[in-house]
Amino acid sequence: MRTKHVNVLIALAAVVLFSFSCFCISRMTQTSNQLINCRNHILEFKEKILHLKNKTERNRQELINALSKMKYEMTQRENTSTDLVEKKMNTLGKDETVSNNTFEVLKFFFPHLRKVGRIYPDVIIGKEKTGVSFAVGISTVSRGNQSYLKQTMNSVVSRMTLSEEKDSVVIVSVADRNEDYLKSVVDMITKRFKRQLKSGSLEVISIPAFFYPNMLHVKQSTEDSGKLESWRIKQVLDFCFLMLYAQPKAMYYLQLEDDIIAKKRYFTKITDFVHNITSNNWFYIEFSILGFIDKPIDLLLGDIFQVKMCNPGETPEKCAERNKQIRIRYKPSLFQHVGIQSSFSGREQYSKCLSMNERLSP
């Protein structure tokens with residue numbers, strides 16, 4: 001009986017051991033499969049990391065190349081072009097003041113400008129040079145398919161000595177709303193006069209459209225007299241803006257048209273003549289025979305002389321005699337007018353006329 005119980009226990013132990021062995025084998029197989037899957041995941045992850053590393057390396061190299069290209073372009077621009085300063089109107093911060101803005105005086109005379117925050121050129125290319133002896137102003141507008149500006153600029157700029165260039169600034173004012181013309185002027189000047197732009201002796205400005213009264217923006221009368229009147233009004237404002245911009249920069253102001261040729265050593269002759277004048281009471285020197293080719297500016301200057309020098313009730317002869325003291329004429333002429341196509345559409349002009357030099361009053 002006892003033997004029978006022992007056999008039963010042994011059989012039971014054998015069954016338990018067999019079941020346990022099967023369980024262990026099953027768990028080991030499952031664990032092995034999990035290890036294989038884990039290894040596959042690790043290999044897949046390793047492959048992704050390697051791919052990401054390669055991609056990162058490519059991106060790093062592309063970034064290095066891009067930075068190198070940018071650095072090269074910046075170096076080229078600094079060496080061969082200019083420090084270009086672009087300013088838009090009404091860009092003053094809240095804490096900035098416009099009390100020193102030369103153009104603020106215009107708000108007294110032009111009501112349409114009183115609602116404008118700040119009056120300033122839309123575009124400035126150059127270094128806004130100040131503290132020089134001479135500011136040379138050239139106002140330009142589109143003349144259709146004809147342009148004399150390049151020829152004018154070549155003679156004006158190339159016929160200065162380096163010392164004269166250093167002590168002056170040439171300001172080209174684009175007084176035309178045609179953006180294509182503005183771009184063409186900027187492109188021409190930045191390509192041909194890189195050194196002058198870089199040194200600050202040459203600037204390009206653009207007059208904002210809001211500067212002109214509404215009457216110049218609306219469609220004008222088809223009559224020639226109406227068009228001519230509007231053209232003259234705009235031209236006066238063009239010169240007014242340019243002169244005001246130049247006023248804080250220099251002691252003397254030289255106004256030129258955009259279709260003239262300067263004679264050799266013109267600037268040397270001007271400076272020598274100005275510095276050798278014994279009287280300090282002069283206001284205006286004409287380095288021309290006819291003055292401006294367009295009468296409005298001349299007529300306005302005549303009015304200035306009348307106000308400054310003529311007393312009410314005196315004879316015209318006495319007034320004319322005093323005018324000679326402040327209105328000096330230099331001979332021979334230093335500038336030759338070459339433009340045939342007028343800035344007034346449809347008109348051709350063959351007069352030979354020159355420009356002037358003016359002392360800037362504070």
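Owing to the predicted nature of the structure, the values given are computational and were not obtained by experimental measurement.
Side-chain contact between Asn276 and Asp272: present, with at least one pair of heavy atoms (C-beta onward) separated by less than 4.5 Å. Between Leu242 and Gln255 the shortest side-chain heavy-atom distance falls below 4.5 Å. Glu286 places none of its side-chain heavy atoms less than 4.5 Å from the side chain of Tyr330. Contact check for Leu334 versus Lys269: side-chain heavy atoms found under the 4.5 Å cut-off. In this structure the side chain of Lys249 reaches within 4.5 angstrom of the side chain of Ile171, judged on heavy atoms. Residues Met153 and Ile138 meet the side-chain proximity criterion, which asks for heavy atoms closer than 4.5 Å. Residues Gln235 and Val141 are not in side-chain contact: their nearest non-hydrogen atoms beyond the backbone lie 4.5 Å or more apart.
If you take OG on Ser184 and NZ on Lys150, they are separated by 10.0 Å, rounding to the nearest 0.5 Å. Rounding to the nearest 0.5 Å places CE of Met160 at 10.0 Å from OG1 of Thr271. Residue Ile125 holds its CD1 atom at 9.5 Å from OG of Ser206, rounded to the nearest 0.5 Å. Here the CG-CG distance, from Leu256 to Leu254, works out to 4.0 Å after rounding to the nearest 0.5 Å.
Pairing each heavy atom of Asp176 with each of Ser142, the nearest pair is OD2-N, 2.9 Å. Pairing each heavy atom of Tyr120 with each of Pro208, the nearest pair is O-CG, 3.5 Å. Between Ala209 and Arg177 the shortest heavy-atom distance is CB-CD, 4.0 Å. Of all heavy-atom pairs spanning Lys194 and Lys191, the tightest one is CE-O, 3.6 Å. Between Thr102 and Pro248 the shortest heavy-atom distance is OG1-CG, 3.2 Å. Taking each heavy atom of Leu106 and Cys240 in turn, the nearest pair found is CD2-SG, 3.8 Å.
Contact check on Glu104 versus Arg114 returns no salt bridge, with no Lys/Arg side-chain nitrogen under 4.0 Å from an Asp/Glu carboxylate oxygen.
Lys198 places no side-chain N or O within 3.5 Å of a backbone atom of Phe193 that could act as its donor or acceptor partner. Lys234 places no side-chain N or O within donor-acceptor distance of the main-chain N or O of Tyr212, the cut-off being under 3.5 Å. Lys127 places no side-chain N or O within 3.5 Å of a backbone atom of Leu197 that could act as its donor or acceptor partner. Side chain of Ser173 to main chain of Ala175: no donor-acceptor pair is present (N/O by atom type, distance under 3.5 Å, no hydrogens or angles). Under the 3.5 Å distance criterion, the side-chain polar atoms of His112 are matched with a main-chain donor or acceptor of Phe211. Using a distance-only test at 3.5 Å, with no hydrogens or angles considered, no donor-acceptor pair links the side chain of Ser139 to the main chain of Phe239. Counting only distance, with no hydrogens or angles, the side chain of Tyr266 and the backbone of Val156 share a donor-acceptor pair below 3.5 Å. Between the side chain of Ser201 and the main chain of Val169, no donor-acceptor pair closer than 3.5 Å is present.
With sequence neighbours left out, Tyr245 forms a side-chain hydrogen bond (donor to acceptor under 3.5 Å, both in side chains) with Glu203. With sequence neighbours excluded, the residues satisfying side-chain hydrogen bond (donor to acceptor under 3.5 Å, both in side chains) with Ser133 are Asp167. A search for side chain to side chain contact (heavy atoms under 4.5 Å, CB included) contacts involving Thr140 returns Leu149, Val172, Val174, Tyr181, Asp258, not counting sequence neighbours. Residues passing the ring pair (Phe, Tyr, Trp, His ring centres under 6.0 Å) test with Phe267, sequence neighbours excluded: Phe134. Under the salt bridge (charged side-chain N to carboxylate O under 4.0 Å, His left out) criterion, Glu164 pairs with no residue, sequence neighbours left out.
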Determine, stepwise, if the pair Asp238 / Ile207 fulfils side chain to side chain contact (heavy atoms under 4.5 Å, CB included).
CA-CA 8 Å; Asp238 294 343; Ile207 302 180; 4.2 Å; yes
For side chain to side chain contact (heavy atoms under 4.5 Å, CB included), just list the numbers for Glu165 and Arg195, CA-CA rounded to whole Å, side-chain angles, deciding distance to a tenth of an Å, and then say yes or no.
CA-CA 11 Å; Glu165 184 180 302; Arg195 180 178 60 79; 2.7 Å; yes
Passes side chain to side chain contact (heavy atoms under 4.5 Å, CB included), Lys166 versus Ser199? Steps please.
CA-CA 8 Å; Lys166 185 177 180 180; Ser199 68; over 6 Å; no
Residue pair Ile261, Arg159: steps toward the side chain to side chain contact (heavy atoms under 4.5 Å, CB included) verdict
CA-CA 10 Å; Ile261 295 178; Arg159 290 173 178 173; 3.8 Å; yes
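If you look at Trp282 and Phe273, their ring centroids are not closer than 6.0 Å. Under the 6.0 Å cut-off for aromatic ring centres, Phe241 and Phe103 qualify, their centroids lying closer than that.
Follow the hydrophobic side-chain contacts under 4.5 Å out from Phe108 and you reach Ile119 in the same cluster. Tracing side-chain contacts under 4.5 Å through hydrophobic residues (I, L, V, M, F, W, Y), one reaches Val116 starting from Phe109; they form part of the same cluster.
For residues 180-190, the pairs satisfying salt bridge (Lys or Arg N to Asp or Glu O under 4.0 Å) are Lys183-Asp187, with sequence neighbours left out.
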